[in-house]
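Below you'll find the structure, written out as structure tokens, and then a few comments.
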Amino acid sequence: MKVVVVGGVAGGASTAARLRRLDENAEIIIFERGEYISFANCGLPYYIGEVIKKQDNLVVQSPEDMKKRFNIDVRVLNEVKNIDTEKKQVDIYDIKNNKYYKEGYDKLILSPGAFPIKPPVKGFDAPNIFTLRDIPDTLAIKNFVDEHNPKSAVVVGAGFIGMELVENLHRRGIAITIVELAEQVLAPLDSEMASLIHQHLKEKRVEFYLNDEVKEVEQREQFSMVKLGSGRELKTDMVLIGIGVRPEVTLAKGAGLEIGERGGIKVDRTLKTSHPDIYAVGDAIEVVDYINGNSTLVPIAGPANKQGRIAANNICGIAEEYEGTQGTSILKVFNMAVAATGNNEKLLKRFNIPYEKSFTHSSSHAGYYPEALPLSVKLIFSPDNGKILGAQVVGYDGVDKRIDVIATAMRAGMTVYDLEKLELAYAPPYSSAKDPVNMAGYVASNILKGDNVIIHWHDINKLDREKIFLIDVRTPEEYSLGSIEGAINIPVDDLRNRINEIPKDKNVIIFCKQGLRGYIAYKILKQKGVKNIKNLSGGYLTYFPTIQKQSNIGIHNYEKIDKKDFIKPNEPSAS
């Protein structure tokens, strides 16, 4: 059997390695148009920021190593230009030797990946404007920073790549400005979780414009002028485009393969395309969303590796299906970690899927053990049976652990009721006896059981203040530092003695810092006969960040930026 793999990195390289483990006699050829067959895609921004010191550390597997260990014929700088499905052969352009040739196959695997979106904006072709996809892109950005010592940069787009570039350019002492078309950074998050990241970016003196876009970049003698849709103009030394990626489907279209509704290569659950001898994996394909069952694009490395293994199994006669992608992901944003799995509210609304949500704010480990840090969890679940539909976690420590537990629970078909029962590792330096995952389960379960009737942050300001009685059950000290407008302070410990202050003809809204004291107050008042009570889900910690101004406009003055004392490189452990 002769198998041709088009494209390396996560999908292609993992397919080829698995094929060799299953069939020692197969002829396997990988064609890669770039210089590198397998590199640490997700590590590229960290080389720019000099967290990863050596360029060689970005290379996961060289062609020589692949040949030596797996007996795979790896041909870098060889670009597949066309697929002839009838003759079962590909046309290749040898870039180094400037010649064309053909290669036949029995089975073909497409792993062309995705390419950065670069909108047709005037000025986006200048030499100080960059996208980031591969090692040559990385070297171009790093060399520019090393040689030109820029004092400012504009990052267009606040997705994963954009945000990683923000942090790593900031580490190099560069003043950063983000321009994002959406109303928030990081689209996988819902707005209240993104608001936590907005506040952190402000602490790091990152300037960012939301609901705005780049219309033109005009080159001047000493700087570039980035002109925004809002009419604002930003002076900068370099521009990085991190808007997102699109699946690379040129070859697939040319071969007449079916393209899906989202623009990716359409595959079945065995990862076979519309042609019986051609499979496709990685960022170029459409996958089934594990939660809502619709087609989607999820360009991340974990699924691509799994798809490569499954495609190889099926080619070798081992029947296996890819069950879908739930989009579990995590990102470092300066000192914070941001993670998500499953669907967010925006997706569930798009597909008219009913849901409820809960917010919990716990500590990363036992509060009495030093350096316990805040950890915020948003859980999204079915109002009918408690099935977990999605989760988002933002914090400083232990975020990866919690999102992985919830992602695993989702794969196992567990519900919020099951999260209550999970027996998770506990010692004071690592967690609490009731882990934040358990707490999220308790709160969600109480909502579904009706033990805690809630109101969400976005509904507070819609209420008729004449018809409600708003009670802040925190301490007087906490209340004095800020509260919801119109709230009366009755600490939870004083509630029983001051119950006569609560009017019987109004709806009662209770809130505390994070929801727990509000829940206790809710139970007290309910059993004392007070009716029409609701507890603010996630408390003041959820409400307050969301009502702040989310953007951070006009904090950098290009003429006054001094790299010596204005923007400092950020050490990973710095607070």
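Each residue takes its place number in the sequence, starting with 1.
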*asked:* Checking Ser295 against Asp289: is there a side-chain donor and acceptor pair closer than 3.5 Å?
replied: no
*Answer whether the closest heavy-atom distance between the side chains of Leu189 and Ile197 falls below 4.5 Å.*
yes
*For atom OH of Tyr430, decide whether the heavy atoms of other residues, nucleotides or ligands shown that lie under 6.0 angstrom number more than 12.*
no
_Please determine whether a side-chain nitrogen of the Lys or Arg among Glu345 and Lys378 lies less than 4.0 Å from a carboxylate oxygen of the Asp or Glu._
yes
*Hey, mind stepping through Leu422 and Val405 against side chain to side chain contact (heavy atoms under 4.5 Å, CB included) and telling me if it holds?*
CA-CA 9 Å; Leu422 290 178; Val405 170; 3.7 Å; yes
*Identify the heavy atoms of Ala440 and Leu379 that sit nearest to each other, and give their distance.*
O-CD2, 3.7 Å
*Examine distances only and state if a side-chain atom of Arg269 and a backbone atom of Glu321 form a donor-acceptor pair shorter than 3.5 Å.*
no
_Test item: Arg20 side-chain N/O and Asp23 main-chain N/O as donor-acceptor pair under 3.5 Å_ = yes
*For Arg262 and Thr296, what are the C-alpha separation, side-chain angles and deciding distance, and is it a side chain to side chain contact (heavy atoms under 4.5 Å, CB included)?*
CA-CA 6 Å; Arg262 300 296 305 279; Thr296 189; 3.8 Å; yes
*Tyr290 OH to Tyr322 OH distance, which is reported to the nearest 0.5 Å*: 11.0 Å
List, one per line, each side-chain donor-acceptor pair under 3.5 Å for residues 103-110, sequence neighbours excluded.
unit_1	atom_1	unit_2	atom_2	d
Glu103	OE1	Arg75	NH1	2.9
Glu103	OE2	Lys2	NZ	2.6
Asp106	OD2	Lys2	N	2.7
Lys107	NZ	Asp277	OD1	2.8

*Is a side-chain N or O of His556 found less than 3.5 angstrom from the main chain of Ile176, in a donor-acceptor match?*
yes
*asked:* Just so I know, are the side chains of Met1 and Glu27 near enough to count as touching, which here means a heavy-atom distance under 4.5 Å?
replied: no
*Considering residues, nucleotides and ligands other than Arg69, do more than 12 of their heavy atoms fall under 6.0 Å from its CZ?*
no
*Under 4.0 Å between a Lys/Arg side-chain N and an Asp/Glu carboxylate O for Lys332 and Glu164?*
no
_Ring-face cation of Arg133 near Phe115 (centre distance under 6.0 Å, axis angle within 45°)_ = no
*Indicate yes or no: does Glu50 engage Arg172 in a salt bridge with an N to O separation below 4.0 Å.*
yes
_Inter-residue atom distance Leu132.CG - Asp137.CG, 0.5 Å rounding_ = 6.0 Å
*For this output row, return yes or no: ring centroids of Phe144 and Phe130 closer than 6.0 angstrom.*
yes
*Do the charged groups of Asp146 and Lys142 touch, with an N to O distance under 4.0 Å?*
yes
*Ion pair check, Arg33 and Glu248, cut-off under 4.0 Å*: yes
_Side-chain heavy-atom pair Gln89, Ile83 within 4.5 angstrom cut-off_ = no
*Where do Val76 and Tyr36 land on the side chain to side chain contact (heavy atoms under 4.5 Å, CB included) test, with the steps shown first?*
CA-CA 7 Å; Val76 296; Tyr36 304 92; over 6 Å; no
*For Lys272, does its backbone N or O pair with a side-chain atom of Asp268 as donor and acceptor, under 3.5 Å?*
yes
*Ile29 CD1 to Asp73 CG distance, which is reported to the nearest 0.5 Å*: 5.0 Å
*Within-4.5 Å side-chain heavy-atom neighbours: Thr85 and Ile278*: yes
*Considering all heavy atoms of both residues, which atom of Ala153 and which atom of Leu240 are nearest to each other, and what is their separation?*
CB-CD1, 4.1 Å
_Expected output: side-chain Glu79 to main-chain Lys81 donor-acceptor under 3.5 Å_ = no
*Can you list the steps and then say if Lys346 with Asp190 is a salt bridge (charged side-chain N to carboxylate O under 4.0 Å, His left out)?*
CA-CA 7 Å; Lys346 295 183 283 283; Asp190 288 315; 3.8 Å; yes
*Are Asp91 and Lys102 within salt-bridge range, i.e. N to O under 4.0 Å?*
yes
*Polar side chain donor-acceptor pair, Asn292 to Asn343, under 3.5 angstrom*: yes
*Report the distance from atom CZ of Phe31 to atom CD1 of Ile92, rounding to the nearest 0.5 Å.*
3.5 Å
*Would you call the rings of Tyr396 and His200 parallel, tilted or perpendicular, where under 30° means parallel and over 60° means perpendicular?*
perpendicular
*asked:* Has Glu180 got a side-chain atom pairing as donor or acceptor with Ala182's backbone, closer than 3.5 angstrom?
replied: yes
_Give me the atom names and distance for the closest heavy-atom approach of Ile37 to Glu32._
CD1-CB, 4.0 Å
_Any donor-acceptor N or O pair under 3.5 Å, side chains Arg402, Ser431_ = yes
*asked:* Keeping Ser152 on the side-chain end and Asp237 on the backbone end, is there a donor-acceptor pair under 3.5 Å?
replied: yes
*asked:* Quick one, Leu375 with Val399, criterion side chain to side chain contact (heavy atoms under 4.5 Å, CB included). Give me CA distance, side-chain angles, the key distance, then yes/no.
replied: CA-CA 7 Å; Leu375 186 79; Val399 171; 3.5 Å; yes
_With a sphere of 6.0 Å drawn around CD of Glu216, does it hold more than 12 non-hydrogen atoms of other residues, nucleotides or ligands?_
yes
*Do any N or O atoms from the side chain of Asn305 and from the backbone of Ala301 form a donor-acceptor pair under 3.5 angstrom?*
yes
*Approximate separation, where rounding is to 0.5 Å, of Ile406 CD1 and Leu419 CG*: 6.5 Å
*Verify, without hydrogens or angle tests, whether Lys253 (side chain) and Ile259 (backbone) share a donor-acceptor contact under 3.5 angstrom.*
no
*At their closest point, which heavy atom of Ala409 faces which heavy atom of Ile388, and how far apart are they?*
CB-CD1, 4.2 Å
*Specify the closest pair of heavy atoms between Gly263 and Pro247, including all atoms of both residues, with the distance to one decimal.*
O-CG, 3.3 Å
*For Asp212 and Gly229, which heavy atoms make the closest approach, and how far apart are they?*
OD1-N, 3.3 Å
*salt bridge (charged side-chain N to carboxylate O under 4.0 Å, His left out) between Glu86 and Lys88: does it pass, once the steps are laid out?*
CA-CA 5 Å; Glu86 290 188 6; Lys88 297 180 71 171; over 6 Å; no
*Run the numbers on Asn313 and Glu320 for side chain to side chain donor-acceptor pair (under 3.5 Å), then give the verdict.*
CA-CA 7 Å; Asn313 285 351; Glu320 187 175 356; 2.7 Å; yes
*From the options Glu261, Glu258, Glu286, select the one residue that forms a salt bridge (charged side-chain N to carboxylate O under 4.0 Å, His left out) with Lys266.*
Glu258
_I'd like to know if the side chain of Gln326 pairs up with that of Thr341 as donor and acceptor (distance under 3.5 Å, no hydrogens or angles considered)._
yes
*asked:* Quick one: does any side-chain atom of Thr273 pair with a main-chain N or O of His275 as donor and acceptor, under 3.5 Å?
replied: yes
*asked:* Could you check whether Glu213 pairs with Lys215 (Lys NZ or Arg NE/NH1/NH2 to Asp/Glu carboxylate O, under 4.0 Å)?
replied: yes
_So, taking the atom named CG in Leu389 and the one named CD1 in Ile380, what distance separates them when rounded to the nearest 0.5 Å?_
7.5 Å
_Quick one about Glu207 and Asn552 (side-chain donor to acceptor, distance below 3.5 Å, no hydrogens or angles considered), yes or no?_
no
*Hey, are Lys96 and Asn78 close enough side-chain-wise for a donor-acceptor pair under 3.5 Å?*
no
